[in-house]
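Okay, so here's the structure we're looking at.
A note on names: the letters A, B, ... follow the listed sequences, proteins ahead of strands, and every chain is numbered from 1.
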There are 2 protein chains.
Amino acid sequence: MKSGQVTIKDIAKELNISVSTVSRALAGNPLVKPSTKAAVIELAEKLNYQPNYTALSLRNNTTKTLGVIIPQLVHDFFSMVVRGIEDVAYASGYSVIICNSHESYEREVIDTKTLMNGRVDGVLACITKHTKDVTHFKEFVNRSIPLVFFDCVVDDIDTDKVIIDDYEASYNAVNHLIETGRKHIAYIGGPISLLINQNRYKGYKDALEKHGMSVNDNIVAHCETGDFADGTSSAKKFMDNNQQFDAIFGATDMLAIGAIKHLKKAGKVVPHDISVFGFSNWKISELYEPSLSTVDQPGYEMGRISAELLLNQIRNEDDTFSPKTEILKTDLIVRESSTI
Amino acid sequence: MKSGQVTIKDIAKELNISVSTVSRALAGNPLVKPSTKAAVIELAEKLNYQPNYTALSLRNNTTKTLGVIIPQLVHDFFSMVVRGIEDVAYASGYSVIICNSHESYEREVIDTKTLMNGRVDGVLACITKHTKDVTHFKEFVNRSIPLVFFDCVVDDIDTDKVIIDDYEASYNAVNHLIETGRKHIAYIGGPISLLINQNRYKGYKDALEKHGMSVNDNIVAHCETGDFADGTSSAKKFMDNNQQFDAIFGATDMLAIGAIKHLKKAGKVVPHDISVFGFSNWKISELYEPSLSTVDQPGYEMGRISAELLLNQIRNEDDTFSPKTEILKTDLIVRESSTI
DNA sequence: AAATGAGTTGAAAACGTTTTCATTTCAATA
DNA sequence: TATTGAAATGAAAACGTTTTCAACTCATTT
């Protein structure tokens with residue numbers, strides 16, 4: 001910041017009145033004489049006065065800022081979440097500061113520390129794929145800093161959470177594959193340490209069993225990163241092992257497309273020979289050929305609800321607060337890759 | 001923020017010493033007696049003391065925070081820019097607050113206001129596609145708040161800028177199409193009001209003219225949004241008008257892929273019948289089939305350099321500062337879509 | 001014993017606000 | 001004229017730090 005910023009003192013001095021009066025005039029306090037008020041406001045506008053944000057924060061013991069810790073930004077789903085958060089925050093006069101952990105555990109720990117020193121009034125967080133130890137998040141609770149988890153949540157921290165019904169979504173997706181006549185359905189998913197992947201796998205498993213099928217572990221892969229290359233290598237592994245399958249459920253669009261890449265290369269036709277279903281509805285799933293059937297997650301709504309829960313926590317502060325978990329419904333988007 | 005935060009006063013009271021001494025002890029000031037220092041530090045750790053960020057900002061008249069105004073986050077290029085900014089900022093003890101204007105002029109104006117009240121020490125900005133009036137940015141200069149533009153810059157504001165050599169990149173791309181034997185090259189670009197699009201178009205034009213060709217306006221389109229659908233409709237328009245062309249240069253990967261979509265539908269084979277070249281090296285350009293030739297922009301480096309320029313401005317403050325413009329080189333990535 | 005001075009410590013101001021409490025002004029009333 | 005009280009204003013404290021300046025303690029020197 002530069003020295004040149006106009007303060008309330010400058011206005012007071014110029015008009016030969018006290019800072020108290022200037023403050024009141026600007027706040028619209030009815031105690032101040034109309035003529036004084038007019039003079040103050042006129043001068044404030046002339047000098048382009050802006051109240052000092054830092055001073056306000058200190059005085060009011062509130063920063064009017066929310067912190068967001070998110071593992072990725074280049075992701076249509078997360079982008080919509082952020083947008084939902086921002087819309088709610090802005091509407092209530094809050095700003096948002098985003099910390100991108102870049103799916104790095106170390107960065108996430110740093111981010112929590114950054115947000116722990118009174119810079120924000122509350123925190124919204126989605127943990128990385130690699131986060132197992134969560135003591136850095138517990139510190140928020142210790143300091144009673146309002147906290148809401150969304151999407152990838154921490155099970156044993158007792159606070160508000162907003163999640164997708166991953167189980168149901170994947171159950172429905174697999175169900176769709178079965179109902180379109182597929183008998184041998186492979187599963188390619190992300191790190192099974194994450195709750196969301198456990199649920200997606202469980203949905204897959206239960207859908208099979210509901211139809212009297214059972215899981216064939218030879219066509220199940222839990223990958224480290226859930227990235228494109230993992231999809232390709234998993235599909236390759238299945239085929240190299242001479243496994244028979246007529247469908248793949250990928251717990252991520254990237255895994256699904258990675259798998260399709262290999263299938264094409266191996267001379268298989270999607271969906272004729274093998275149906276493929278993804279998860280997340282990335283933009284690419286619509287543009288890819290064949291276009292990818294997938295699960296649409298309500299990202300905007302997730303952001304909106306998370307931010308609302310957080311603002312409620314912030315406003316309550318003293319009252320006893322009982323954590324809620326909101327579970328959001330998803331939609332199946334059936335496209336070419338599973339339309340036989 | 002909650003009431004429970006431990007302050008320097010609490011420590012002072014508990015140890016029966018003054019706040020000054022506590023402050024000095026924690027700052028490692030050698031004036032304080034080793035035993036006192038040890039006691040202070042021990043208690044601070046025990047109470048989990050964290051210095052109050054807001055109080056520090058007010059005292060030191062510096063927020064140790066940089067603001068970023070960026071029109072999109074779901075974009076591999078912008079994501080890398082942010083990453084570069086963050087790396088430099090964090091390394092110098094700065095935090096980053098990102099304002100996503102979502103390509104909305106109104107939002108951008110709000111974002112500038114948000115950052116204008118002393119919340120940040122400096123601002124990095126990339127304007128939206130629709131920004132024409134830039135008075136909201138001039139205010140930063142008026143208040144002498146350090147400002148750096150990157151990628152989509154404002155021509156008539158005199159400050160540091162970091163840009164891509166769009167002209168050269170597009171010249172080289174079109175040159176490549178010509179050298180691989182293409183004679184009739186169409187152009188599909190984004191809003192021509194933006195400097196970057198003017199430069200990309202100029203590169204296209206000059207490359208043609210260098211080889212004795214001239215622009216055929218019937219196969220040139222300057223689109224409103226530069227999005228996928230624009231690419232499709234432009235290609236359709238060219239074909240509906242019975243224009244002959246054997247290549248398309250799309251000034252955006254999305255435009256290029258949108259165009260390919262239509263070409264495929266119309267029975268053309270890419271690249272056999274028509275070569276296509278994109279711009280930006282989105283992840284999708286690698287995954288799409290045929291994979292898309294494109295221009296790789298050094299996003300990470302752009303972010304790094306921008307942040308460094310900004311930090312220099314912040315540190316200089318008083319000295320006279322002469323704005324620089326850095327122009328970064330790009331790389332051609334030739335893939336299937338232009339390999340005949 | 002007094003003076004010196006190094007080693008420690010504390011009081012207070014400052015950053016820019018808001019807000020409580022006290023004071024001034026001045027017209028209306030007694 | 002003296003009193004009242006509403007209207008308007010100002011002084012000062014507070015938020016949590018850092019830092020300047022002043023002051024204290026004690027061993028050492030004269």
Side-chain angles (χ1 to χ4, degrees), chain A residues 1-41 43-44 47-65 116-121 143, chain B residues 1-41 43-44 47-65 93 116-121 143 317:
Chain A
M1 276 179 313
K2 68 284 107 323
S3 37
Q5 194 177 20
V6 179
T7 76
I8 228 173
K9 281 187 190 174
D10 300 323
I11 299 180
K13 201 175 296 170
E14 180 123 358
L15 294 177
N16 253 316
I17 56 179
S18 72
V19 290
S20 329
T21 307
V22 176
S23 172
R24 278 188 281 250
L26 292 171
N29 188 319
L31 282 182
V32 41
K33 185 160 61 171
S35 62
T36 323
K37 180 175 170 181
V40 169
I41 289 179
L43 185 58
L47 297 180
N48 213 337
Y49 165 78
Q50 290 280 120
N52 182 292
Y53 166 80
T54 307
L56 280 177
S57 295
L58 185 59
R59 174 91 240 277
N60 301 331
N61 197 29
T62 175
T63 62
K64 286 284 183 181
T65 303
M116 200 93 64
N117 56 6
R119 182 190 294 264
V120 296
D121 293 344
R143 294 168 182 268
Chain B
M1 277 181 309
K2 67 283 105 323
S3 38
Q5 194 176 19
V6 178
T7 76
I8 227 173
K9 281 187 189 172
D10 300 323
I11 299 180
K13 203 173 296 172
E14 179 124 358
L15 294 177
N16 253 318
I17 57 179
S18 72
V19 290
S20 328
T21 305
V22 176
S23 172
R24 277 188 282 252
L26 292 171
N29 188 318
L31 282 182
V32 39
K33 184 159 61 172
S35 62
T36 322
K37 180 174 170 182
V40 169
I41 289 179
L43 185 58
L47 298 181
N48 212 336
Y49 166 78
Q50 289 281 118
N52 182 292
Y53 166 80
T54 308
L56 281 176
S57 294
L58 186 59
R59 172 92 240 276
N60 300 331
N61 197 29
T62 174
T63 63
K64 287 284 183 181
T65 302
M116 200 93 65
N117 56 7
R119 182 190 295 263
V120 296
D121 292 345
R143 294 169 183 268
E317 214 62 273

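Two residues are said to be in side-chain contact when any heavy atoms from C-beta on lie closer than 4.5 Å; B/L43 and B/Y49 fail this criterion. For the pair A/L15 and A/V40, the minimum side-chain heavy-atom distance is below 4.5 Å. A/K64 has its side chain out of reach of A/L56: every pair of non-hydrogen atoms, C-beta onward, lies at least 4.5 Å apart.
Of the side-chain N and O atoms in B/Y53, none sit less than 4.0 angstrom from OP1 or OP2 of D/dC15. When the side-chain nitrogen and oxygen atoms of B/T7 are compared with OP1 and OP2 of D/dG16, none of them lie within a distance under 4.0 Å. The phosphate of C/dC15 has OP1 or OP2 within less than 4.0 Å of a side-chain N or O from A/K9.
Considering every non-hydrogen atom in both B/Q50 and A/N117, the closest pair reads NE2-CB, 4.2 Å. The minimum heavy-atom distance linking A/L58 with B/T54 is given by the pair N-CG2, 3.4 Å. Here the shortest heavy-atom pairing between A/R119 and B/T65 reads NH1-OG1, 3.0 Å.
Rotation axes derived from the C1' atoms of the five outermost pairs at either end of the helix from C/dA1-D/dT30 to C/dA30-D/dT1 lie 80° apart, to the nearest 10°.
Under the 3.5 Å distance criterion, the side-chain polar atoms of B/T63 are matched with a main-chain donor or acceptor of B/D121.
Distance CG (A/L15) to P (D/dG10): 10 Å, rounded to an integer number of Å. At whole-Å resolution of the value, CG in A/L26 and P in C/dG16 are 15 Å apart. Between A/N117 atom CG and D/dT17 atom P the separation is 11 Å, expressed in whole Å. Rounded to whole Å, atom C1' of D/dT17 lies 8 Å from atom CG of A/L58. In this structure, A/L56 atom CG and C/dT17 atom P are separated by 7 Å, rounded to whole Å. In this structure, A/I8 atom CD1 and C/dG16 atom P are separated by 11 Å, rounded to whole Å. Between the NZ atom of B/K64 and the P atom of D/dT17 there is a distance of 18 Å, rounded to whole Å. Atom CG of A/N61 and atom C1' of C/dT19 are 15 Å apart (whole Å).
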Under 3.5 Å, side-chain donor or acceptor atoms of residues 20-34 of chain B against the rest of the protein: list the pairs with distances, not counting sequence neighbours.
unit_1, atom_1, unit_2, atom_2, d
B/T21, OG1, B/S18, OG, 3.2
B/N29, OD1, B/L31, N, 2.9

Between protein and nucleotides 6-13 of chain C, what N or O pairs are separated by less than 3.5 Å?
unit_1, atom_1, unit_2, atom_2, d
C/dT9, OP1, B/T36, OG1, 3.0
C/dT9, OP2, B/K33, N, 3.1
C/dT9, OP2, B/T36, OG1, 3.3
C/dG10, OP2, B/S18, N, 2.8
C/dG10, OP2, B/S18, OG, 3.1
C/dG10, OP2, B/T21, OG1, 2.9
C/dG10, N7, B/R24, NH2, 2.7
C/dG10, O6, B/R24, NH1, 3.2
C/dG10, O6, B/R24, NH2, 3.3
C/dA11, N7, B/S20, OG, 3.2
C/dA11, N6, B/S20, OG, 3.1

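Atom CG of residue B/N61 and atom CD of residue A/Q5 lie 8.0 Å apart, to the nearest 0.5 angstrom.
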